[in-house]
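Letters A, B, ... mirror the listed sequences (proteins, then strands); counts begin at 1.
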Protein chains: 2
Amino acid sequence: MNSDVNRSPPLGRVTIADVAREAGVSVPTVSKVVNGRYGVAPATFKRVTEVVAALGYETSLVAASLRRQRTNVIGILVPEFESFSAELLKGISTAATGTGYELLAYSALAPGGISAGWERRSLSRLAGTLIDGAIIVTPTLLMPTTSIPVVAIDPHDGPGGPSTIDSDNIGGARVATGHLIELGHRRIAHIRGRSDLASAQLREAGYRESLENAGIPFDSTLVCDGEYQAALTAKAARELLMRPDRPTAVFAANDMSALGVLDAARELGLRVPEDVSVIGFDDVPEAASSKPPLTTMAQPLLDMGAQALRMLVKLLDGEDIPNHVQLPAELVVRASTGPAPIGF
Amino acid sequence: MNSDVNRSPPLGRVTIADVAREAGVSVPTVSKVVNGRYGVAPATFKRVTEVVAALGYETSLVAASLRRQRTNVIGILVPEFESFSAELLKGISTAATGTGYELLAYSALAPGGISAGWERRSLSRLAGTLIDGAIIVTPTLLMPTTSIPVVAIDPHDGPGGPSTIDSDNIGGARVATGHLIELGHRRIAHIRGRSDLASAQLREAGYRESLENAGIPFDSTLVCDGEYQAALTAKAARELLMRPDRPTAVFAANDMSALGVLDAARELGLRVPEDVSVIGFDDVPEAASSKPPLTTMAQPLLDMGAQALRMLVKLLDGEDIPNHVQLPAELVVRASTGPAPIGF
DNA sequence: CTGTTAGCGCGTTCAT
DNA sequence: ATGAACGCGCTAACAG
């Protein structure tokens with residue numbers, strides 16, 4: 001079935017065949033010109049180049065990647081685009097300019113929330129053909145072997161997987177809790193993060209250690225789950241703050257949950273930090289513009305993204321990279337923490 | 001899983017052929033099972049499903065998209081991932097959850113900065129096969145016809161193109177300039193944005209109108225180019241602020257350039273807002289955490305992204321959508337603007 | 001119900 | 001220097 005009838009040029013996408021026909025040469029010749037290969041007469045080269053420009057032709061990533069082994073595209077796999085991954089993306093983008101790699105950020109956005117194994121499915125869908133390597137943000141699965149080079153940011157952890165980047169979660173949590181203790185707080189609650197992430201477990205561990213070091217007995221009723229999300233946290237925090245023996249301070253596992261605590265406090269008419277102190281983790285941009293501005297443990301998110309990209313590029317170049325890179329977390333004191341109220 | 005005795009996956013990616021071989025069926029049968037089509041015997045279905053799970057197979061987006069007409073993937077084309085596009089991305093992501101569409105954000109990251117026509121090339125690379133529709137951020141080209149549905153955010157403008165979304169740039173600029181005038185400023189400089197974008201031109205127009213309405217003569221020496229970038233702006237602003245007859249206020253075309261002005265002022269030992277007032281545009285997250293926090297015209301970036309996505313989905317469903325949607329820009333007064341210094 | 005055939009758009013040997 | 005033939009992984013149409 002030769003349905004290759006001449007169609008008017010700009011109806012659909014311009015394919016390599018359109019260029020070939022227009023330039024009066026064969027398809028492979030166009031391919032050679034486009035890919036800068038030798039073996040094309042200067043005159044032909046010029047004519048084809050002109051037609052390419054005139055028609056605005058660009059090789060289809062899909063078709064090319066299917067045939068070729070290398071695409072020069074780096075994939076960034078995220079569960080969704082929110083503040084945390086967006087910051088990483090900025091850092092990645094900055095570090096990627098000039099490397100010759102293109103960036104493809106992908107989110108499968110499962111309807112019923114983030115489903116287990118999303119990273120494996122996403123990787124399978126893109127790897128091998130579309131992307132040369134991937135940066136995976138908050139993977140929850142152990143992926144001992146992957147078909148392409150991978151660097152993970154803030155992963156579930158575990159040995160034998162890809163190289164990982166995170167910040168000093170346990171140390172940061174100690175500092176955060178210590179900050180509250182120094183302010184005189186004794187009843188300090190903790191909103192836990194996503195249980196499938198090492199960062200959440202380490203932050204809880206740091207919280208408990210810090211309590212213990214200060215001789216404050218651990219009270220399990222002061223710990224609840226926020227899953228790193230503002231809405232979920234607000235609900236849990238409301239109950240916590242309505243108790244007669246409510247905590248005077250809350251260490252939220254990340255900024256989004258800290259913002260949730262702020263919401264809950266506002267609803268209940270509690271003043272921050274006069275009635276309750278709140279500290280978060282991440283230093284996402286929103287932390288600076290909340291009311292009051294959030295005291296938090298800053299993770300160098302831009303740096304983490306940039307380093308991840310550099311590591312992945314090295315990996316793609318066949319160089320060795322460290323198995324694990326940890327960046328520091330720093331206390332940023334804003335206005336959501338203050339001295340413990342007297343009488344508590 | 002039951003049998004973790006995975007026979008080592010064929011080195012690379014697991015393909016449909018691997019599954020077929022392992023399950024003892026033909027490739028199309030696997031395809032049918034994977035895509036949930038009818039016409040497969042229960043026993044076969046079960047066996048294939050098991051092999052798929054054991055091998056961790058997932059259909060390649062690339063191969064499937066090449067053959068299929070619809071991929072259920074929406075592309076978001078950006079020149080680079082920075083604060084502005086990142087905010088839009090968050091809004092898009094939120095609006096996309098539950099729609100059944102996956103998100104693919106793409107940045108070609110041209111080495112020598114953003115090159116003209118990037119959006120056309122990017123679209124050509126992805127459209128037709130990989131993505132069903134696209135949201136293009138700050139396109140500078142007129143694209144009267146595209147092969148797939150497109151919605152543009154903050155475009156170069158021009159009739160006949162795709163549906164566009166922006167905020168009230170000219171009105172916002174009037175308000176911004178008016179804010180400075182009300183504070184008593186008369187020598188007000190303007191840092192222009194990217195000349196290839198309508199938003200930049202409209203903001204300059206609003207600035208000039210506002211000046212004229214207040215009876216302040218336009219002084220072309222008070223206008224310089226910042227290209228929406230902090231570094232470029234800082235350089236230009238330094239010269240501006242070193243002049244003996246320096247302006248007492250600066251309206252920067254966006255927040256990034258406003259931050260550049262802040263940098264320049266700091267370098268020169270000028271206090272903001274005591275010596276110079278600075279106002280930006282966008283209300284990017286960074287604006288709230290600068291020193292001093294930036295007064296700016298807030299664009300509803302999350303909303304703009306969300307609306308763009310909803311419009312694109314309607315377009316993909318064959319519904320009609322407005323040709324142009326404009327959202328309001330609102331003055332957010334922080335700490336970078338104050339009364340004009342006396343004696344100027 | 002299952003397997004066979006035929007491409008999708010492109011890049012790559014080989015022949016000319 | 002150029003073109004014909006083939007294959008990448010997958011799926012739509014049909015044949016069996």
For DNA chain D, whose closest nucleotide is more 5', that of A:Ala41 or that of B:Ala17?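 Looking at DNA chain D, the more 5' nearest nucleotide goes with A:Ala41.
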Going by the salt bridge (Lys or Arg N to Asp or Glu O under 4.0 Å) test, which pairs reach into residues 42-64 of chain B, not counting sequence neighbours?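 Residue pairs with at least one partner in residues 42-64 of chain B: B:Lys46-B:Glu50.
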Test: salt bridge (Lys or Arg N to Asp or Glu O under 4.0 Å). Region: residues 127-146 of chain A. Which pairs qualify, not counting sequence neighbours?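 Sorted pair list: A:Arg70-A:Asp132.
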Might you list the N or O atoms of the protein lying below 3.5 Å from N or O atoms in nucleotides 12-16 of chain D, with each pair's distance?
residue : atom : partner : partner atom : Å
D:dA12  : OP2  : B:Arg37 : NH1          : 3.2

Of B:Thr29 and B:Ala63, whose closest DNA chain C nucleotide lies nearer the 5' terminus?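 In this pair, the answer is B:Thr29.
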Just checking A:Thr44: base, sugar-phosphate only, or nothing, at a heavy-atom cut-off of under 4.0 Å?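 Here A:Thr44 touches the backbone only, sparing every base.
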Using the test salt bridge (Lys or Arg N to Asp or Glu O under 4.0 Å), find all partners of B:Lys32 that sit at least two apart in sequence or belong to another chain.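 With neighbours one apart ignored, the set is empty.
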Excluding sequence neighbours, so at least two apart, what forms salt bridge (Lys or Arg N to Asp or Glu O under 4.0 Å) with B:Glu119?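 Salt bridge (Lys or Arg N to Asp or Glu O under 4.0 Å) check on B:Glu119 returns nothing, list empty.
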Take B:Thr15 and B:Tyr57 through the side-chain hydrogen bond (donor to acceptor under 3.5 Å, both in side chains) test and state the conclusion after the steps. CA-CA 7 Å; B:Thr15 76; B:Tyr57 168 76; over 6 Å; no
Using a 3.5 Å limit on both distances, find every run of at least three consecutive Watson-Crick or G-U pairs that involves DNA chain D.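 The stems that DNA chain D takes part in, listed by first number, are C:3-16 with D:1-14.
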Looking only at side-chain atoms of B:Ala64, point me to the closest of C:dC10, D:dG9, D:dC10.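 Selected nucleotide (nearest to the side chain): D:dC10.
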Closest listed nucleotide, where the reference is the side chain of B:Pro42 and the choices are C:dC1, D:dC10, D:dG3: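 The closest nucleotide is C:dC1.
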